[in-house]
2 protein chains.
Amino acid sequence: MTSTAELSHIGLRLFLERGFEATTVDDIAAAAGIGRRTFFRYFPSKNDLAWGDFDALVASMREHLAATPAELPMIAALRVAIVEFNRFPVEEIEYHRQRMRLILNAPALVGHSALRYQSWRTAIAEFVAARAGGTPDDLLPSTVGSVMLGLALGAYAYWLAHPETELVTAIETAFDELGAAFGDA
Amino acid sequence: MTSTAELSHIGLRLFLERGFEATTVDDIAAAAGIGRRTFFRYFPSKNDLAWGDFDALVASMREHLAATPAELPMIAALRVAIVEFNRFPVEEIEYHRQRMRLILNAPALVGHSALRYQSWRTAIAEFVAARAGGTPDDLLPSTVGSVMLGLALGAYAYWLAHPETELVTAIETAFDELGAAFGDA
DNA sequence: ACCTAATCTGGCATCGAGTGCCAATATGCG
DNA sequence: CGCATATTGGCACTCGATGCCAGATTAGGT
């Protein structure tokens, strides 16, 4: 009767109340009224609880990128796609912020994020490979994939530290400033 | 009697022979002739075994950056520092490659790398903050820190997949291609 | 409603990483 | 040599994660 979404909310609430480390899987299972063993059927790990269905978002970013007109320069295309990927309805923003604060601060989750972001980077790399001709293993695709992730994470760090700003604005500004910095290198 | 370097070599050898997951801390301790408990006094975790004294390298990169002439544009300064950070004596290159292949492929180590690279990113962010005026928490410093890490990781991925190339060349090329891509955005 | 097959559940045992505690051992120094 | 100080490693424990299996639940056909 418990859904993954429900379980995720229960877990997230406990993480925010007591901290990620201090919350055990037993705590979460007990709070949800399920067995510990069952928890691991809903989520492959305690770490994954904090990630909604990220994979669905990555899939939609893939589609967005695939539908991008070829005239748009590569970086400009990525800029639009990444901004859209990170645009959330107003009512979800606060929730998203808390979730991301957890993911980007709790050490175990920071580590886990490197694994979860792999699919995101691959989506970018495949787009770049398709654009530039070649494979996602080539230098430019793999570098742009990692670099775009870096850009997004930099913007997130800023957004989390400065609650008055907007995430999409931070991302746009990061693109501008980075373009300028590379411009006069 | 056992030094950290010695222990690190023993562990790395086992990781390469049997794989990271398949090697337990007990195996490593036994191979080194020490107790399991003692292992954890030399290294805080099994994951850290694969990282030499990365912190010393980061410290020297910090010094290099601090000594950079102010006339050199920021990205150019970072380029030199990152290339030098990743320049190793010929006889160490093969060892370094194996170590990095492990770190960037074994899932547990990929995750752990996100934690270890934090100090590297901070070093970059602090340099950028000093250059641009402001704090490392500002948007440009934190973004450039993450982006430079992304660039380096992209170059590493390429280098690991293409053994015939040189790491420093891959990094230089990554800077060139990224500059060009941002140029016509 | 009823029975059967497929699925879901959760208890139990086990593994492996990591940590606190403490007694035994080794080491440095006067 | 003898004392103070590290270093060592055994033991017990916590917690995440996984295999196994029996019991419960659900779906579907009659």
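Letters A, B, ... mirror the listed sequences (proteins, then strands); counts begin at 1.
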Quiz item: Quick one: D48(B) CG to dA17(C) P, roughly how many Å, whole number?
Solution: 14 Å

Quiz item: Within less than 4.0 Å of OP1 or OP2 of dC8(C), is there a side-chain N or O belonging to Y42(A)?
Solution: no

Self-check item: Atom pair distance, as rounded to whole Å: CG in D27(A) and C1' in dG16(D)
Solution: 13 Å

Self-check item: Geometric class of the Y156(A)/W159(A) ring pair [parallel <30°, tilted 30-60°, perpendicular >60°]
Solution: perpendicular

Which atom pairs link the protein and nucleotides 10-15 of chain D when you take only N or O atoms and keep those under 3.5 Å?
none

Exercise. Specify the separation, in whole Å, of atom CZ of F39(B) and atom P of dT8(D).
Key: 14 Å

Quiz item: Roughly, in whole Å, what's the span from CZ in F43(A) to P in dT9(C)?
Solution: 13 Å

Quiz item: Just by distance, with hydrogens left out, do S45(B) and D48(B) show a side-chain donor and acceptor under 3.5 Å apart?
Solution: yes

Quiz item: How many Å lie between CZ on F40(B) and P on dA17(C), as a whole number?
Solution: 7 Å

Quiz item: Rounded to the nearest Å, what distance is computed from the NE2 atom of residue H112(B) to the P atom of nucleotide dA17(C)?
Solution: 14 Å

Exercise. Identify the heavy atoms of R131(A) and A77(A) that sit nearest to each other, and give their distance.
Key: NH2-CB, 4.3 Å

Quiz item: For dG16(D), does OP1 or OP2 lie under 4.0 Å from any side-chain N or O of S45(A)?
Solution: no

Practice problem: Take atom CD1 of I28(A) and atom C1' of dG10(C), then tell me their distance rounded to the nearest Å. | Solution: 17 Å

Practice problem: Kindly assign one of parallel, tilted or perpendicular to the pair W51(A) and F54(A), based on the angle between their ring planes and the thresholds 30° and 60°. | Solution: perpendicular

Exercise. Look at the side-chain heavy atoms of Ile, Leu, Val, Met, Phe, Trp and Tyr, link any pair under 4.5 Å apart, and say whether L139(B) and L78(B) land in one connected group.
Key: no

Quiz item: Which pairs with one or both residues in residues 136-145 of chain A pass salt bridge (Lys or Arg N to Asp or Glu O under 4.0 Å), sequence neighbours excluded?
Solution: none

